[in-house]
Amino acid sequence: MAEARITYHGVGKRYGKLWALRKVDCAFHAGEVVMLIGPNASGKTTLVKSLLGLASPTEGHITVNGQVIGTDPAYRRSIGYMPQISQFPATLTIGQLLEMMADIRELRADEVEDSLVEELGLSAQLDKRLSTLSGGTKQKVSAVLALRSRPGILVMDEPTAGLDPVSSQRVLQRAAAVRDAGGTVLITSHLMEEVESLADRVAYLEDGNLKFLLPVQEILSSTGSTRLSEALPRMLESNALSHVL
Amino acid sequence: MLKVFKYTLIDLARNRFVLGYALLMLLVAQGLFALEGDPTKALLSLVQVVMALVPLIALVFTVVYMYDTLEFTQLLAVQPMRRSAILGGQLLALAAALLLAQAIGLGLPLLVHSPTVAALVLSLSGSALVLVFAALGALIALKQREKARGVGVALAIWFLFVLVYDALLMWGMFTLSDHPIEPFVVPLAGINPIDLARIMVMLQVDLAAMMGYSGAIYKNFFGSVGGTIVAALILALWVAVPVLFAFRVFRRKDL
């Protein structure tokens with residue numbers, strides 16, 4: 001797998017009069033999982049959408065593997081994306097959807113990683129129409145779509161929302177495997193307990209500003225906590241950020 | 001683009017609304033031909049139905065479909081493909097599905113009961129209206145963020161073209177009846193694609209005479225080969241302009 005690296009250079013995004021993202025400078029490296037956290041409307045989604053090409057920055061630019069992302073969509077070949085809301089064409093079957101996306105990505109048979117289909121119990125449901133699936137099953141399909149092209153960059157928006165604990169664990173294990181293979185994984189989640197064991201660094205956003213991007217160990221040691229879910233609230237409440245900002 | 005077209009068409013082929021549209025048109029057309037003894041009279045009644053119903057269905061269905069598939073469009077937009085390919089594929093599939101439904105619902109009864117030039121022109125005019133209003137629907141859906149607002153704008157546009165425009169035109173012609181307004185009648189008809197389509201069919205059943213002096217002008221102009229080409233070009237513009245704007249909006253849109 002090619003080394004994946006993402007850099008934000010002074011990226012800002014304005015919707016009307018509202019700045020959803022303000023001059024964000026940061027880099028996400030190969031072989032790491034970064035957890036994006038922050039209150040509602042803090043800019044997490046906009047940060048991710050800017051990378052995916054769903055929103056174009058008002059200022060600044062983003063590079064992926066050293067290339068500035070612009071109108072050429074080729075860079076997205078290395079990206080797998082699992083959105084928070086999974087909505088698919090109603091009358092297609094799971095099998096047709098998988099075929100469609102492989103077709104669009106021009107994946108050869110040997111490039112497709114389909115073991116997750118079996119692991120998540122979707123093999124027997126390939127002929128089912130997408131409109132008949134539960135929210136959780138749609139999330140599983142979404143996870144398969146994000147992971148089956150063996151992406152170098154994996155972006156997951158609330159990946160465990162709606163999934164049963166076993167499936168959540170399997171999806172997160174796959175995310176860890178992407179990291180272990182040298183990929184970059186960005187996860188936004190409110191369920192910190194579920195993803196904290198996976199994270200190498202944590203990015204905290206507030207009002208469109210990137211307040212900090214720190215290794216998990218540094219956050220834990222600065223607060224004297226053993227768990228991120230305890231450390232982060234403590235850190236934010238006690239203003240323990242001041243020494244690291 | 002062809003990949004998006006192919007799978008969107010597969011999805012639309014089993015869409016209940018599209019199937020319902022084909023069935024509705026089939027029932028209406030069959031019903032009118034069964035009720036009216038004279039196929040020409042049935043054809044004239046069908047013209048009124050087609051001119052009102054086709055724009056409404058093409059407009060509202062396109063708007064609703066585009067909103068309902070927004071999340072999937074986002075998923076397509078993060079794939080390594082250009083946005084123009086996504087929108088192009090979706091629009092082609094929408095147009096193909098609606099045209100196919102119309103060919104079954106309207107084309108088949110016309111072929112069976114009234115295989116005339118007038119019926120052919122009605123079929124072609126109906127198809128042109130599908131394309132015009134699907135294009136307008138796509139533009140509305142891309143410009144308006146909220147679905148309810150988008151549907152509201154679509155209904156307002158349909159109302160404007162079907163009722164308000166004609167009412168204003170009639171009021172203007174009545175008020176200015178003492179003035180030489182005939183030179184303006186042809187361009188004014190061209191502004192409204194529904195009126196233009198209606199005139200093209202009416203000329204084939206020779207009802208222009210019932211439209212008075214304006215009818216004579218219509219017949220003079222649109223009845224000629226040159227006039228028919230102009231009418232086709234105007235309808236093509238009604239498709240091309242909204243589609244071009246839709247591509248422009250979609251290319252820059254934050255999804």
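- When heavy atoms are compared at a cutoff of 4.5 Å, Leu145(A) approaches chain B solely by way of its side chain, counted from C-beta outward.
- Inter-residue side-chain proximity for Arg14(B) and Leu92(A) is flagged as met; some heavy-atom pair is nearer than 4.5 Å.
- A donor-acceptor pair is defined here as one N or O able to donate and one able to accept, closer than 3.5 Å; no such pair exists between the side chain of Thr91(A) and the backbone of Asn15(B).
- Taking every heavy atom of both residues into account, Asp11(B) and Ala90(A) meet most closely at OD1-N, 3.5 Å.
- By the 4.5 Å heavy-atom criterion applied to side chains, Thr8(B) and Pro89(A) are not counted as neighbours.
- Residue Arg16(B): no heavy atom, backbone or side chain, is found under 4.5 Å from chain A.
- Within 6.0 Å of atom CZ in Phe17(B), more than 12 heavy atoms from other residues, nucleotides or ligands are found, so the atom counts as buried in its surroundings.
- Within a 6.0 Å radius of NZ in Lys253(B), more than 12 heavy atoms belonging to other residues, nucleotides or ligands are found.
- In this structure, chain B has no heavy atom under 4.5 Å from any part of Leu130(A).
- Heavy atoms of Tyr15(A) lying under 4.5 Å from chain B belong exclusively to its side chain.
- The closest side-chain heavy-atom distance from Met101(A) to Leu75(B) is below 4.5 Å.
- Of the two parts of Glu106(A), only the side chain, counted from C-beta on, holds a non-hydrogen atom closer than 4.5 Å to a non-hydrogen atom of chain B.
- Within a 6.0 Å radius of NZ in Lys138(A), other residues, nucleotides and ligands contribute more than 12 heavy atoms.
- With hydrogens and angles ignored, the 3.5 Å screen pairs no side-chain donor or acceptor of Asp103(A) with any backbone N or O of Lys3(B).
- With hydrogens and angles disregarded, no donor-acceptor distance shorter than 3.5 Å links the side chain of Arg251(B) to the backbone of Thr71(A).
- The heavy-atom pair separating Tyr7(B) from Gln96(A) by the smallest distance is CE2-O, 3.8 Å.
- Residues of residues 64-73 of chain B that come within less than 4.5 angstrom of chain A, heavy atom to heavy atom, are Asp68(B), Glu71(B), Phe72(B) in numerical order.
- At a 4.5 Å heavy-atom cutoff, the contact between Lys6(B) and chain A is made by side-chain atoms alone.
- Counting heavy atoms from C-beta outward, Gln74(B) and Tyr81(A) have side chains that stay 4.5 Å or more apart.
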Practice task
Would you please test Asp254(B) and Lys13(A) for side-chain contact (heavy atoms from CB on, under 4.5 Å) and show each step?
Solution key: CA-CA 10 Å; Asp254(B) 291 327; Lys13(A) 176 65 186 173; 2.6 Å; yes
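- Side chains of Met81(B) and Pro73(A) form no contact here, defined as non-hydrogen atoms less than 4.5 Å apart.
- Of the possible donor and acceptor atoms, none in the side chain of Arg105(A) sits under 3.5 Å from a partner among the backbone N and O of Pro80(B).
- If you take CD1 on Ile10(B) and CE on Met100(A), they are separated by 9.0 Å, rounding to the nearest 0.5 Å.
- With a 6.0 Å radius and a threshold of 12 heavy atoms from other residues, nucleotides or ligands, Gln67(A) has its CD atom at or below the threshold.
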